*Asks:* 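A single structure is presented below for examination.
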Amino acid sequence: MKKINHLLNYLEEYVAGISLVFTSLLVFVQVVLRYMFNYSLSWSEEISRYLIIWFVFIGSSIAVREKAHATMDALTTYLPPKGKRIFSIIANLISISFCVILITSGSTIVSSVMEFGNVTPSIGLPMFIPYLALPVGASLMLIRFLQLLIDDIKNFNTPYKSEFHPPINEEVTKL
Amino acid sequence: MILLILFAVLLLLGVPIAIAIALSTFVAILQAGVPIDTLARSMFSGVDSFSLMAIPFFVFAGDLMLAGGTSKRLIDFTKKWVGWTTGGLPIAGVLSSMFFAALSGSSPATVAAIGGIMIPSLKQARFSEKFSVGLMTAAGSLGIIIPPSITFLVYGSVAEVSIGKLFIAGILPGIFIGLVLMVVGYIIAKKQGHTPDPRPTGKELWKSTTSAIWGILMPIIVLGGIYFGVFTPTEAAAVAIVYSMIVGFFIYKELTVKTLFEVTKRSIVTSAMIMLVISASKVFSWYLTYEQIPSTIAGKMLEFASTPIVFLIIVNIILLIVGMFMDSSAAVLILVPLFLPVVLEMGIDPIHFGVIMIVNLAIGMLTPPFGLNLFVASGISKMSLAGVTKGTLPFIAVLIAALLVITYVPQLSLFLAEFVYE
């Protein structure tokens, strides 16, 4: 179980990281080609847009794992440790049900697009590939929320360790 | 109505903002009898945009610049130039924040990057801790006002106005706020008394300048490129990424393959989070249009607020309150579709309105109880949240005064944009 989890972590990070680096280089190369050689890649915009969509939904799953999603802790910061756990369990359950809805909703589109055999305008990629990012990303998020939920139930009697993570880690700030 | 209540409940429970928006809207959509795949379709179209790609790109570029060692060189540069004069150190702090804001599109990142180094050095010069932390927290708000700015990108995409124009419109208000903070910093510094830095030699001055020049050049390339139509904001951001990698790897030599991995991961998390909120908000704005809610609200607001002056005051108050509780991008995504019809009806320039909104939300990030910058400043300075808040309070008053000037002097925002785009 732990091994699978590690593998999943790496996979997510690599896919998201490579999409980010690759799309930025692609857009950069496009600029260079346009100015130096007056040449334009017809497929670059479409590919980069779809890669960023995959990037967003896979990255969202990483953000769930890192508890980095923006939340409003107006109420929860003032709760006692156990109250915090209870709220977190409820919030996780709600998020899980949302993931289920998004998986259903996303699969509906994917299957209807597959049925009609739609392709993307400039490179003719099957349209279900970009749409697939939604159900896949939602499934990954679902797994992450489940992990957080199990963690909350297991450690119900221990308070959370840290209250706040600055968005930039210590190491970089100290530079 | 059910949408609002559900949204509030979900937020209070601590559900991520993106999910709270999408889920509460989804319930409303179901009630309206719209098919279930609308949810995924809207969420997809919300992030299927070339111009929004600039968000992950600018986040990545900013993180790379920070990890590449740019911020400490910028600080060294401003300290060498002005830090040795009386009251020069606070001015150097604000100046560094302005430079960093021109590299990064985020306020908390500016507080962490510049405040992390400037606060200890201000304290060392015998400034009070409250003043040091307060000044640097307030100066961090420039992060989203001086371009590039994530919040401007989000505003541009919702309000459908030119992002290049918005960026240029943010420059003068950003410089104006920086100047105001410098003046206040100078006055307090004179009162408190402190030990200025030793006067640098010509050689030191030259060294700090040539070292920082690579960081200063980046905004010139990025913004210059956008204004002269060389590239779009998204392309500019991609250029910025390549540029900061070259500077980090080959010129400053502080970036390694290992840190590159860490930086990438951090950028993924930050930008995916923002993009998911955008994606979810698309469902919300789709529903608003479907139910024609904005025009209803616009009608009511026009009855209530008869002149632009009254309307803008109301907007300022609403935004300051919302900004205390909510992430600035999320606030823009939710409120712009509601405000924009009124703005256009009243003949207020949507670019000017964007600047007003962003300055408002930037102040909101400094206000208790939940301003994000306060938490960041407390995290990096190890000062209590109450202490940080007390230190920041006088600067908030100053910033609100600056906001009023920006609100009622549209030329401050529009002059440069009109000049360039004529």
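None of these values were measured; they are calculated from a predicted model. All values below were derived from every heavy atom in this structure, side-chain atoms included, with hydrogens, water molecules and symmetry-related copies excluded. Throughout, a chain's letter reflects where its sequence line sits, starting with A, and its residues are numbered from 1.
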*Asks:* If you compare all heavy atoms of A:Ala68 against all heavy atoms of B:Met273, which two are closest, and at what distance to 0.1 Å?
*Replies:*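 That would be O-SD, 2.9 Å.
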*Asks:* Using a 4.5 angstrom heavy-atom cutoff, name the option from A:Ile101, A:Ile62, A:Val21 with the most pairs to chain B.
*Replies:*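 The residue among A:Ile101, A:Ile62, A:Val21 with the greatest pair count is A:Ile101.
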*Asks:* Please round to the nearest 0.5 Å and tell me the distance separating atom OG of A:Ser95 and atom CG of B:Leu23.
*Replies:*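 A:Ser95 OG to B:Leu23 CG: 8.5 Å, rounded to 0.5 Å.
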*Asks:* Kindly write out the residues that satisfy salt bridge (Lys or Arg N to Asp or Glu O under 4.0 Å) with A:Arg49, not counting sequence neighbours, or none if the list is empty.
*Replies:*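 Residues passing salt bridge (Lys or Arg N to Asp or Glu O under 4.0 Å) with A:Arg49: A:Glu45, B:Asp48.
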*Asks:* Top residue by heavy-atom pair count (under 4.5 Å) with chain A, among B:Ile278, B:Leu276, B:Ile241?
*Replies:*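 Most pairs with chain A among the choices: B:Leu276.
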*Asks:* Under 4.5 Å heavy-atom distance to chain B, tell me which part of A:Val56 shows up: side chain, backbone, both or neither.
*Replies:* both
*Asks:* Please say whether more than 12 non-hydrogen atoms of neighbouring residues, nucleotides or ligands are located less than 6.0 Å from CD1 in A:Ile4.
*Replies:*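 12 or below, so no.
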*Asks:* Nearest 0.5 Å, please: how far is OH in A:Tyr14 from NZ in B:Lys265?
*Replies:*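 So the NZ of B:Lys265 and the OH of A:Tyr14 are separated by 11.5 Å.
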*Asks:* Heavy atoms only, distances under 4.5 angstrom: which of A:Ala138, A:Ala91, A:Gly59 has the most pairs with chain B? Name it, please.
*Replies:*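 Counting heavy-atom pairs under 4.5 Å, the top option is A:Ala91.
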*Asks:* From A:Ser105 OG over to B:Phe44 CZ, what is the distance, rounded to the nearest 0.5 angstrom?
*Replies:*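 Taking OG in A:Ser105 and CZ in B:Phe44, the distance rounds to 12.5 Å.
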*Asks:* Measuring heavy-atom distances to chain B, does A:Ser48 have an atom under 4.5 Å in its side chain, in its backbone, in both, or in neither?
*Replies:*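 Contact with chain B: backbone and side chain both.
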*Asks:* Should A:Ile52 and B:Met275 count as side-chain neighbours, where that means a heavy-atom distance under 4.5 Å?
*Replies:*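 A:Ile52 vs B:Met275: side chains touch.
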*Asks:* Does any N or O in the side chain of A:Thr108 come within less than 3.5 Å of the main-chain N or O of B:Asp37, such that one atom is a donor and the other an acceptor?
*Replies:*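 No, because the side chain of A:Thr108 does not come within donor-acceptor range (under 3.5 Å) of the backbone of B:Asp37.
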*Asks:* Please determine whether the number of non-hydrogen atoms from other residues, nucleotides or ligands lying under 6.0 Å from atom CZ of B:Phe261 exceeds 12.
*Replies:*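 Atom CZ in B:Phe261 is not crowded, with 12 or fewer foreign heavy atoms closer than 6.0 Å.
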*Asks:* So which of A:Ser60, A:Ser19, A:Gly106 has the biggest tally of heavy-atom pairs under 4.5 Å with chain B?
*Replies:* A:Ser60
*Asks:* So for B:Val277, is it side chain, backbone, both, or neither that comes closer than 4.5 Å to the heavy atoms of chain A?
*Replies:* neither
*Asks:* Under 4.5 Å between any side-chain heavy atoms of A:Phe98 and B:Leu10, yes or no?
*Replies:* no
*Asks:* Of the backbone (N, CA, C, O) and the side chain (C-beta and beyond), which part of B:Ala236 lies under 4.5 Å from a heavy atom of chain A, both, or neither?
*Replies:* neither
*Asks:* Which salt bridge (Lys or Arg N to Asp or Glu O under 4.0 Å) pairs, counting each pair once, include a residue from residues 126-146 of chain A, with sequence neighbours left out?
*Replies:*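 Qualifying pairs: A:Glu12-A:Arg144.
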*Asks:* Looking only at non-hydrogen atoms, find the nearest pair between B:Gly229 and A:Tyr35 and report the distance.
*Replies:* O-OH, 3.7 Å
*Asks:* Starting at CG of B:Leu13, measure out to CG of A:Leu93 and round the result to the nearest 0.5 Å.
*Replies:*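 With rounding to 0.5 Å, CG (B:Leu13) is 10.5 Å from CG (A:Leu93).
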*Asks:* Sort A:Thr23 into side chain, backbone, both or neither according to what part of it lies under 4.5 angstrom from a heavy atom of chain B.
*Replies:*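 Backbone plus side chain of A:Thr23, per the 4.5 Å heavy-atom cut-off to chain B.
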*Asks:* For the interface with chain A, which of B:Val239, B:Leu39, B:Thr234 has the highest count of heavy-atom pairs at distances below 4.5 Å?
*Replies:* B:Leu39
*Asks:* Answer yes or no: is there a side-chain heavy-atom contact under 4.5 Å between A:Leu20 and B:Phe57?
*Replies:*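 A side-chain contact exists here, since the closest heavy-atom pair is under 4.5 Å.
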*Asks:* Just give me the residue among B:Ile36, B:Thr38, B:Val47, B:Ile268 that pairs up with chain A most often, heavy atom to heavy atom, under 4.5 Å.
*Replies:*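 Between B:Ile36, B:Thr38, B:Val47, B:Ile268, the count favours B:Ile268.
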*Asks:* Between atom CD of A:Glu13 and atom OG1 of B:Thr264, what is the distance when rounded to the nearest 0.5 Å?
*Replies:* 10.0 Å
*Asks:* Go through A:Ile94, A:Val31, A:Ile109, A:Leu79 and name the one with the most non-hydrogen pairs under 4.5 angstrom from chain B.
*Replies:* A:Ile109
*Asks:* Return the set of residues passing ring pair (Phe, Tyr, Trp, His ring centres under 6.0 Å) with A:Tyr50 (not counting sequence neighbours), or none when no residue passes.
*Replies:*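 Residues passing ring pair (Phe, Tyr, Trp, His ring centres under 6.0 Å) with A:Tyr50: none at all.
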*Asks:* Residue by residue, scan residues 120-135 of chain A and write down, ordered by number, those that have a heavy-atom distance under 4.5 Å to chain B; if none do, write 'none'.
*Replies:*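 Listed by number: A:Met127, A:Pro130, A:Tyr131, A:Leu134.
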*Asks:* Sort A:Leu26 into side chain, backbone, both or neither according to what part of it lies under 4.5 angstrom from a heavy atom of chain B.
*Replies:*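 Neither part; nothing is under 4.5 Å.
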*Asks:* Evaluate the side-chain contact (heavy atoms from CB on, under 4.5 Å) criterion for residues B:Phe50 and A:Val27: first the C-alpha distance (whole Å), next the side-chain angles of each, then the deciding distance (0.1 Å), finally the verdict.
*Replies:* CA-CA 10 Å; B:Phe50 191 73; A:Val27 173; 4.3 Å; yes
*Asks:* Nearest 0.5 Å, please: how far is CZ in A:Phe28 from CZ in B:Phe231?
*Replies:*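 Rounded to the nearest 0.5 Å, the CZ-CZ separation comes to 9.5 Å.
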*Asks:* Between B:Val111, B:Ile114, B:Thr232, B:Val242, who has the most heavy-atom pairs with chain A when the cutoff is under 4.5 Å?
*Replies:* B:Val242
